[in-house]
Amino acid sequence: MKILFIGTPDFSADILKGLINGGFKPVLVITETDKPVGRKQVITPPPVKLVAQEYQIPIAQPEEILNLESKILDIKPDLIVVVAYGQVIPKSILEIPRHGCLNIHPSLLPRWRGPSPIQYTILNGDKKTGVTIMLMDEKIDHGPILSQREIIISENETGKTLSEKLTDLGARLLLETISQLGRGLAKPRPQNEEKATYSKILTRQDGKINWKRTAEEIEKQIRAFELWPESFTLWQSRRKLLKIKISKATTLKSKGGIAYPVGKTLTVSQNQICVQCGKGFLPGEGDFLVIERLQLEGKKEMTSEEFLRGHLNFIGTILK
RNA sequence: CGCGGGGUAGAGCAGCAGUAGCUCGUCUGGCUCAUAACCAGGAGGUCGUGUGGUGCAAAUCCCACCCCCGCAA
């Protein structure tokens, strides 16, 4: 089967590897142009390009994918696999391959359509999730479903662990689905529009912790946003307002008798950072987040114990 | 040359011109039924690199380079 692969970031690159190792080496890989990346703004090829080079697959990096339409027509692919490309693929191209265009989505569609399904799954406290492979149509994450595989979400699942699991699962399901397609066994079924939910694109600002939420909600956010956009809070130090990323935390309930302002930092036992969350001022409602790992702006990530050694004045301040 | 923070004892930080100090850890002794608690004392640093520059004098100012990190992309 003549396959064309379209994708850009790490997630796509991993799927591409799985595809190649499964015996479906694409005839052409389309990916975004090399872009300046990182602190030094070095022009860097996207992950998918590196994989394609490694396996000596021809690469195309059009500014506009529409410019490539005639070339794709010439190739006459049987199937196009699209994984997180970065550009919207026009209908005229979607209609070229005989078997259509496949897309891998890391959720159980129609639940969590859109760009941030993994984060929303954890944030929402879902018990299970999975991957879906669907035939693309003009609407985003809307086409008929070809196959789906579920997994159970564990208690301390993070954006990272879930993403790894789903990438792996997705790569395997893709191979199965393609061979089914090849044998004409695939039976697409439309999505149930009534059950559709949507995830929004997340920005850095969305990672800001709102201490008025319950510790439980905040802890979920920290896990959900592990890879992107991460969770942070602001601390007024002696000199200036600093950003602190929080990468790991647990919750603590106490009968509590003392009322603290929301965002107040305190220690319950040695070397522990607790932050008052939720309703705050109400006595008898000890709702605390215990910070375990954090990273101060300009510093490396460390445990809260290490952090406290050098910041004796941290306890007793109020995080914003 | 995108913007910015930083490299000081094993760890985390302060000092920002007169050859280093804090918290934790570590070692020794004491207290205690006991202790991760408490008390006393000790060890541990050529202050990122430079047969660099300016000073009477540099961890502290200037220059070059290496490394780490935040923002922006």
Side-chain angles (χ1 to χ4, degrees), chain A residues 6-13 30-50 61-65 83-88 114-116 118-119 158-160 163 200-211 218 221-250 252 254 263-275 288-320:
Chain A
I6 305 179
T8 303
D10 284 313
F11 174 60
S12 317
I30 300 173
T31 188
E32 281 280 22
T33 52
D34 295 2
K35 287 184 174 154
V37 161
R39 216 125 39 197
K40 292 291 177 219
Q41 293 291 287
V42 178
I43 303 292
T44 311
V48 161
K49 183 178 182 181
L50 297 177
Q61 296 176 279
E63 292 286 343
E64 275 285 336
I65 188 156
V83 185
Y85 174 46
Q87 294 185 34
V88 177
S116 314
I118 294 177
Q119 289 92 329
T158 68
K160 183 160 179 254
S163 166
K200 291 181 196 153
I201 187 138
L202 296 167
T203 67
R204 202 56 97 173
Q205 251 328 293
D206 291 321
K208 178 159 188 212
I209 292 172
N210 177 356
W211 295 107
I218 296 171
Q221 177 192 322
I222 290 167
R223 282 188 288 117
F225 290 2
E226 187 189 27
L227 283 182
W228 178 263
E230 303 189 286
S231 297
F232 70 95
T233 187
L234 297 175
W235 174 52
Q236 181 63 53
S237 76
R238 215 158 29 114
R239 308 184 111 197
K240 54 182 182 178
L241 196 60
L242 293 170
K243 178 172 173 173
I244 298 179
K245 282 188 192 174
I246 299 177
S247 50
K248 193 166 190 294
T250 55
L252 176 71
S254 77
K264 178 102 172 175
T265 54
L266 48 137
T267 62
V268 167
S269 68
Q270 278 282 294
N271 305 324
Q272 241 186 7
I273 301 174
C274 296
V275 186
F288 300 103
L289 190 79
V290 181
I291 299 175
E292 298 196 339
R293 295 190 67 80
L294 74 172
Q295 179 179 25
L296 186 62
E297 182 179 330
K299 295 295 187 179
K300 282 188 178 173
E301 185 184 326
M302 62 187 83
T303 64
S304 44
E305 192 184 334
E306 288 171 315
F307 176 78
L308 284 178
R309 277 179 214 149
H311 300 90
L312 296 322
N313 55 347
F314 183 71
I315 299 298
T317 57
I318 294 182
L319 301 176
K320 294 176 190 160

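Residue numbering restarts at 1 for every chain, and letters A, B, ... go by the order of the sequence lines.
- Across the P atoms, B:rG4 and B:rG18 are found 28 Å apart, a figure rounded to whole Å.
- Figure legend. B:rG45 is base-paired to no nucleotide; pairs are counted as Watson-Crick or G-U wobble with both atom distances under 3.5 Å.
- In this structure, CD1 of A:I291 is placed 19 Å from P of B:rG12, rounded to the nearest angstrom.
- We find that CZ of A:F232 is positioned 9 Å from P of B:rA72, with the value rounded to whole Å.
- Distance CG (A:L241) to P (B:rG70): 18 Å, rounded to an integer number of Å.
- For B:rA72, the base has a donor-acceptor partner in the side chain of A:Q41 [N/O atoms by modelled type, under 3.5 angstrom].
- When the side chain to side chain donor-acceptor pair (under 3.5 Å) test is applied to A:W211, the partners found at least two apart in sequence or on another chain are A:T233.
- Across every strand in view, B:rC38 sits in a pair with B:rG30 that passes the Watson-Crick or G-U test at under 3.5 angstrom.
- Side-chain nitrogen and oxygen atoms of A:K300 include none within less than 4.0 Å of the OP1 or OP2 phosphate oxygen of B:rC67.
- Listed pair A:K35 / B:rA73 fails the phosphate criterion, with no side-chain N or O lying under 4.0 Å from OP1 or OP2.
- To the nearest 0.5 angstrom, A:L319 atom CG is 6.0 Å from A:I244 atom CD1.
- Picking from B:rA11, B:rA72, B:rC13 the nucleotide with the shortest atom distance to the side chain of A:K299 gives B:rC13.
- Set against B:rC13, B:rC68, B:rU23, the side chain of A:R309 has B:rU23 as its closest nucleotide.
- For A:K243, taking side-chain heavy atoms from C-beta onward, the closest of the listed nucleotides B:rA73, B:rC71, B:rA11 is B:rC71.
- Counting to the nearest Å, the P atom of B:rC69 and the CG atom of A:L242 are 18 Å from each other.
- OP1 or OP2 of B:rG70 has at least one side-chain nitrogen or oxygen of A:Q295 nearer than 4.0 Å.
- Put simply, A:R39 has no side-chain N or O that comes within less than 4.0 Å of OP1 or OP2 on B:rG2.
- Nearest to the side-chain atoms of A:H311 among the listed nucleotides B:rC13, B:rC69, B:rG5 stands B:rC13.
- A:E32 and A:T8 are not linked by any side-chain donor-acceptor pair at a separation below 3.5 angstrom, with hydrogens and angles left out of the test.
- Atom CG of A:L50 is separated from atom OG1 of A:T31 by 9.0 Å, given to the nearest 0.5 angstrom.
- Rounded to whole Å, atom P of B:rC22 lies 19 Å from atom CG of A:L308.
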